[in-house]
2 protein chains.
Amino acid sequence: MGEGSEAARARVAAVSPAPVAADADGGPVVHRAAQARIIAAALGLFARHGVGGTSLGMIADEIGVTKAAVYHQFKTKDEIVLAAAEAELARLRAVVDEAEAQPTRKRARDALITGIVALAVESRHSMGVVLRDPVIVGFFTDHREFQHTMDRMCRLLVGDATTHEARVSAAMLIAAISGAVMHPFVAGLDDATLRAQLEQLARRFLRLPG
Amino acid sequence: MGEGSEAARARVAAVSPAPVAADADGGPVVHRAAQARIIAAALGLFARHGVGGTSLGMIADEIGVTKAAVYHQFKTKDEIVLAAAEAELARLRAVVDEAEAQPTRKRARDALITGIVALAVESRHSMGVVLRDPVIVGFFTDHREFQHTMDRMCRLLVGDATTHEARVSAAMLIAAISGAVMHPFVAGLDDATLRAQLEQLARRFLRLPG
DNA sequence: GTCTATAGACCGATAGAC
DNA sequence: GTCTATCGGTCTATAGAC
């Protein structure tokens, strides 16, 4: 009963050798290799079944171990959800960091768009849904680091303007990029074409030369 | 809802000997009052906890009955999920119907934008997430009615053009509207302001006079 | 239509051997 | 670090009384 067939599990190819996710201001979020494999598996399953529809047994199966092995790395399921969400946030923050390092405002905005589009297209079939899951949204509503990253993105996109139009513009652009990659309208497009079109249209939306 | 519910999936076509009206082109999506209450409760819970994180007991509690009473209206949880998703789809289809009834192309496109924005803003805090839940997305990937409604929306937005740019434009616009309403950037805006800004920016994106 | 009661599976989580 | 084994709880779904 219960987990009777855990012994006979096919091993899945291991992903993502990169074990790290550190940052300047938000605190180091470094993981061991075993933890990184769990997070990678969890992100894929969260995207396919949602957080609430993903069990620890499914995560364990995905990487070919038992639940107990997963619990040796994370004390609770919530810790896995949080770690996975923060891993996604770290990728976003890396893009924002790089954009802010640009010498001019225009180039910074340009770099941000390129980075976000690349991130979205890269994960068009796997993750990317994750940051929209109700459970993850709940985790982030009080998450300082998340709020801060979002504010930085907003500033890069529309400057210091705090008009309604500016804020709605920024929200629309981010939603447009991250949501369009999964839309059935673009299901037939290859990654390069999709990326190019998204960048062009995003820059047009911000009245940039593209 | 794990992997063990294939039974309900095949039952899709066999619904409703039901009481009243059918739709012009689409499906008979009319439910009894008891079913409608279940669907309404389910949509709210799906938006807050995700489909996978919502149990039949939660739905039953929400409307003040027991699980058995819910099972008297729907044979499986999957049937509830499908009915809830199709209820949301019906609202979208109503907007598309109304837009297509406009005399000119420009007014049709205008009506579609107004309708979609109104729909998104109306459900900015409750539902609306629903159509993006992984489980619902899975239901709709093979759903003829859904595909058809999406094609009609695409045609209204960008005409008969089948260029990459046109399709990506349409996908971005829809994603922008439905995603922006939940974005933290616009959390402080009232509904009327948000609606006005979204419509203005959407029309600008399509190079319409705003 | 609604209830109580229950079956059987799966869930998150823990203990302890190797 | 991974395993086996298990606990108590919740899940979907059914049976049958009112």
| NZ of Lys77(A) versus C1' of dT14(C): gap in Å, rounded? | 18 Å
| query | Any Lys/Arg nitrogen of Glu199(A) or Arg203(A) sitting under 4.0 Å from an Asp/Glu carboxylate oxygen of the other? | reply | yes
| said: Check Arg37(A) with Glu62(A), please: is the shortest side-chain N to carboxylate O separation under 4.0 Å? | reply: no
| task | Rounded to the nearest angstrom, tell me the gap between atom NZ in Lys67(B) and atom C1' in dC11(D). | result | 7 Å
| note | Result for side-chain hydrogen bond (donor to acceptor under 3.5 Å, both in side chains) between Arg93(A) and one of Glu145(A), Glu88(A), Glu86(A) points to Glu145(A)
| Quick one: Gln73(A) CD to dA13(C) P, roughly how many Å, whole number? | 15 Å
| note | From NE2 of His72(B) across to C1' of dA15(D) the rounded distance in Å is 13 Å
| message | What is the distance, to the nearest angstrom, from the CD1 atom on Ile80(A) to the P atom on dA13(C)? | response | 9 Å
| Mapping Ala69(B) and Lys75(A) onto DNA chain C by nearest heavy atom, which one lands closer to the 5' end? | Ala69(B)
| Of the nucleotides dG1(D), dA13(D), dC3(D), which one has an atom closest to the side chain of Leu56(B)? | dA13(D)
| field | Atom pair distance, as rounded to whole Å: CD1 in Ile59(A) and P in dG12(C) | value | 8 Å
| said: Could you walk me through whether Gln102(B) and Leu112(B) satisfy the side chain to side chain contact (heavy atoms under 4.5 Å, CB included) test, starting with their C-alpha distance in whole Å, then the side-chain angles of each, then the deciding distance to 0.1 Å, before giving a yes or no? | reply: CA-CA 10 Å; Gln102(B) 296 296 317; Leu112(B) 182 66; over 6 Å; no
| field | Which nucleotide in dA13(D), dC3(D), dC3(C) has an atom nearest any side-chain atom of Ala68(B) | value | dC3(C)
| With a 4.0 Å cut-off on heavy atoms, is Ser55(B) in touch with a base, just the backbone sugar-phosphate, or nothing at all? | sugar-phosphate
| Taking the side chain of Thr76(B) as heavy atoms from C-beta outward, which of dA13(D), dT2(C), dC3(D) is closest to it? | dA13(D)
| task | Rounded to the nearest angstrom, tell me the gap between atom CD in Glu79(B) and atom P in dT12(D). | result | 14 Å
| field | Nearest-Å distance for atom pair OH/P, residues Tyr71(A) and dT6(D) | value | 19 Å
| request: Quick one: pull up CZ in Phe140(B) and CG in Leu89(B) and give me the separation to the nearest 0.5 Å. | output: 4.5 Å
| query | Between dT2(C), dC3(D), dG1(D), which nucleotide has the shortest distance from any of its atoms to the side chain of Arg32(A)? | reply | dG1(D)
| Given that Gly64(B) and Asp78(A) both sit by DNA chain C, which one's nearest nucleotide is further toward the 5' end? | Gly64(B)
